[in-house]
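Keep in mind the model is a prediction, meaning the values are calculated, not measured.
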Amino acid sequence: MDSDAFRVHGKEMVEFVANHWETIRSDRMPMPDVKPGYIKDLLPTEAPQYPEEWKTIFGDLEKVVMSTNTNWHHPHFFAYFPTACSYPSIMADILSGGLSSIGFTWKSGPAMTELEMATLDWLVSALDLPEHFKNSHSGPGCGIIQSTASDATLVAIMAARARAVENVKREPSPFLNWVTQSEVGQVVGSTIKKILARVTQNSEEEKDDGIIVPHFHDPTVFEKFIAYCSDQAHSSVEKDVMLCGVKLRKLKSVLEPKLNNYTVTAQVLEKAIKEDRARGLIPFVFVASMGSTNTCGVDFLTEVGPVCNREGIWLHVDAAYAGSYLLCDEYRYMSEGVEMADSFNYNAHKAMLVNFDCSPMWFKDGRQATRYFTVDPLYLKHEHDATDYRHLQIALGRRFRSLKIWFTLRSLGIKAIQAHLRGLNERAVLFASLIESDGDFDLFCPHHLGLVCFKLVKGGNAATEALLAAVNVDNRIHIVPASVHGTFFLRLAVCTPNTNDDDIRFAFSVLKELAQPILKNMNAFRIVL
């Protein structure tokens with residue numbers, strides 16, 4: 001394909017995508033009717049040796065991709081949380097792919113680096129985050145776009161772990177002096193002294209053999225480290241902690257009065273820290289949830305922040321879903337106390353009309369974090385004193401993601417995005433009202449933002465599980481379940497601007513219809529009333 005053909009077929013692809021969006025309601029279902037392994041009947045077992053006509057490739061899109069794709073932007077898709085999309089953001093991805101740059105250093109991508117720095121400063125102001133997060137601020141704070149919240153949490157935990165390793169290794173150790181002043185100081189102090197003795201022994205044995213033990217990521221030191229999160233935290237937190245090779249304690253969440261949703265209290269966190277230090281463990285990070293996946297609950301920073309700051313524990317805020325809502329003044333109760341956070345992240349690609357992948361992250365002390373991740377081969381060095389984003393992410397290469405923020409904010413404006421977010425909430429309010437007014441259903445907890453959690457009134461978990469099975473077979477809508485402290489329930493997330501009030505009523509009518517046989521045949525499902 002040459003440039004002339006690209007002009008022709010590129011326009012065809014734009015038309016194809018636009019037509020898909022215009023006809024998704026009438027021509028598609030939320031979920032495809034396929035089974036795992038379907039692709040073997042559609043593709044040859046080997047790649048072609050010679051080029052095929054683009055017309056042939058384009059003609060295969062319907063059977064290979066479009067008819068077998070899960071349609072996240074269908075108005076009857078209510079699963080998980082949203083994945084955002086907008087035409088300006090698609091345009092940005094076209095340009096990013098067309099430029100095909102890899103901006104791991106400032107010199108490898110000046111525009112990529114500096115536009116990212118500037119647009120993340122825009123977002124700090126738009127979300128009403130602390131000024132010290134800005135790249136342009138005189139302090140050490142900074143912002144970077146990660147690919148996902150999972151990656152951002154992994155980076156935060158590794159930075160927290162490195163800071164704790166540094167504190168333990170520092171000689172003479174103010175950390176050791178500080179921690180031994182606590183009631184369990186003798187136990188923790190003994191643990192740290194043993195660690196330091198092993199570090200010294202290992203260093204002497206290895207230094208002459210060419211073995212590299214990273215100073216800030218020394219596994220000898222962090223084997224006694226323990227991380228904390230809520231039992232409502234996203235599964236990625238557990239995976240990230242696992243990959244970091246440290247222990248994890250999931251703290252029991254409780255219902256709080258403000259949202260009547262699940263949160264971790266200061267008392268629970270303090271108790272865990274005290275107990276674990278008595279065991280000889282070293283608490284080093286707490287990952288706070290702002291908009292948990294199960295129920296959209298919030299670990300309030302005014303609760304856990306003072307504890308983390310007082311105890312020298314890194315506070316990372318995972319606001320993957322709910323962070324976008326901070327664009328609106330009325331939702332900023334969630335971010336009160338965010339100035340106490342060491343790092344903050346949210347997925348703009350969830351609810352802010354910016355396509356995947358775009359996950360802004362900020363550090364209170366980016367200079368410190370950069371030290372922990374710096375590997376500096378000669379071929380990556382350059383003559384400029386400038387930001388090199390490679391030091392704050394796992395991968396070396398990176399895409400031109402800031403184009404999506406720049407195009408979307410300029411083309412739509414903050415006011416339009418605020419209206420979109422409020423619209424998602426309004427649709428959720430409507431669905432919650434339908435659930436509350438019907439005798440067959442019950443809210444598991446009050447709706448929050450664009451999420452409603454509900455279950456059948458009768459039949460316990462088994463009845464609600466049967467309803468989910470019926471929804472999956474029926475295939476007119478798509479929802480997913482969750483479970484909190486032993487109760488199984490269903491989640492309806494308003495995911496797309498294509499979803500209107502009629503779609504919400506349709507979803508409720510489908511659920512009502514499918515629930516009737518279950519409620520009439522309790523014995524068949526072996527359900528205890």
Taking all non-hydrogen atoms of both residues into account, name the closest pair between [X] and [Y] and its distance.
X	Y	answer
Asn294	Gln232	ND2-OE1, 3.0 Å
Asn261	Pro446	ND2-O, 4.5 Å
Val64	Ile39	CG1-CD1, 3.8 Å
Cys229	Phe286	CA-CE1, 3.9 Å

Step through the shown structure and confirm whether more than 12 heavy atoms of other residues, nucleotides or ligands are within 6.0 Å of [atom1] on [X].
X	atom1	answer
Met91	CE	no
Tyr333	OH	yes
Leu430	CG	yes
Glu238	CD	no

Residues that Asp474 engages under side-chain contact (heavy atoms from CB on, under 4.5 Å), provided they are two or more places apart: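 Result, side-chain contact (heavy atoms from CB on, under 4.5 Å) vs Asp474: Arg476, Val510, Leu514.
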
Quick one about [Y] and [X] (side-chain donor to acceptor, distance below 3.5 Å, no hydrogens or angles considered), yes or no?
X	Y	answer
Tyr38	Thr68	yes
Ser343	Trp314	yes
Asp231	His485	yes
Asp342	His316	no

Check: [Y] main-chain N/O paired with [X] side-chain donor or acceptor under 3.5 Å:
X	Y	value
Glu116	Thr119	no
Asn347	Ser359	no
Asn498	His73	yes
Thr148	Asp151	yes
Asp503	Asn500	yes
Asn345	Pro360	yes
Ser96	Asp93	no
Ser89	Cys85	no
Gln146	Ser150	no
Gln516	Lys512	yes

Do the rings of Phe454 and Phe441 sit parallel, tilted or perpendicular, given the 30° and 60° boundaries?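 Perpendicular.
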
Does this structure show an ion pair linking Asp357 with Arg399, if we count only N-O contacts that are shorter than 4.0 Å?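 Looking at Arg399 together with Asp357, the answer is yes, because their closest N to O distance falls below 4.0 Å.
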
Can you list every pair that meets salt bridge (Lys or Arg N to Asp or Glu O under 4.0 Å) and has a residue in residues 460-469, with sequence neighbours left out?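 For residues 460-469, and leaving out neighbouring residues, there are no salt bridge (Lys or Arg N to Asp or Glu O under 4.0 Å) pairs at all.
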
Report yes if the side chains of Phe16 and Met66 come closer than 4.5 Å at any heavy-atom pair, otherwise no.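 A side-chain contact under 4.5 Å exists here.
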
Do the numbers put Arg491 on top of the ring of Phe81, so that NZ or CZ is under 6.0 Å from the six-membered ring centre and no more than 45° off the axis?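 Yes, cation above the ring, under 6.0 Å and within 45°.
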
Report the residues that fulfil salt bridge (charged side-chain N to carboxylate O under 4.0 Å, His left out) with Asp41, sequence neighbours left out, ordered by chain and then residue number.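 With neighbours one apart ignored, the set is empty.
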
With sequence neighbours excluded, tell me which residues meet salt bridge (charged side-chain N to carboxylate O under 4.0 Å, His left out) with Asp4.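 Result, salt bridge (charged side-chain N to carboxylate O under 4.0 Å, His left out) vs Asp4: Arg7.
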
Donor-acceptor list for residues 50-61 side chains, cut-off 3.5 Å, not counting sequence neighbours:
none

Considering residues at least two apart in sequence or located in another chain, which fulfil the ring-ring contact (aromatic ring centres under 6.0 Å, His included) criterion with Tyr331?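 Residues passing ring-ring contact (aromatic ring centres under 6.0 Å, His included) with Tyr331: Tyr325.
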
Under the criterion side chain to side chain contact (heavy atoms under 4.5 Å, CB included), which of Thr499, Val494, Thr496, Val429 is the partner of Leu424?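 Going through the options one by one, the only one that passes is Val494.
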
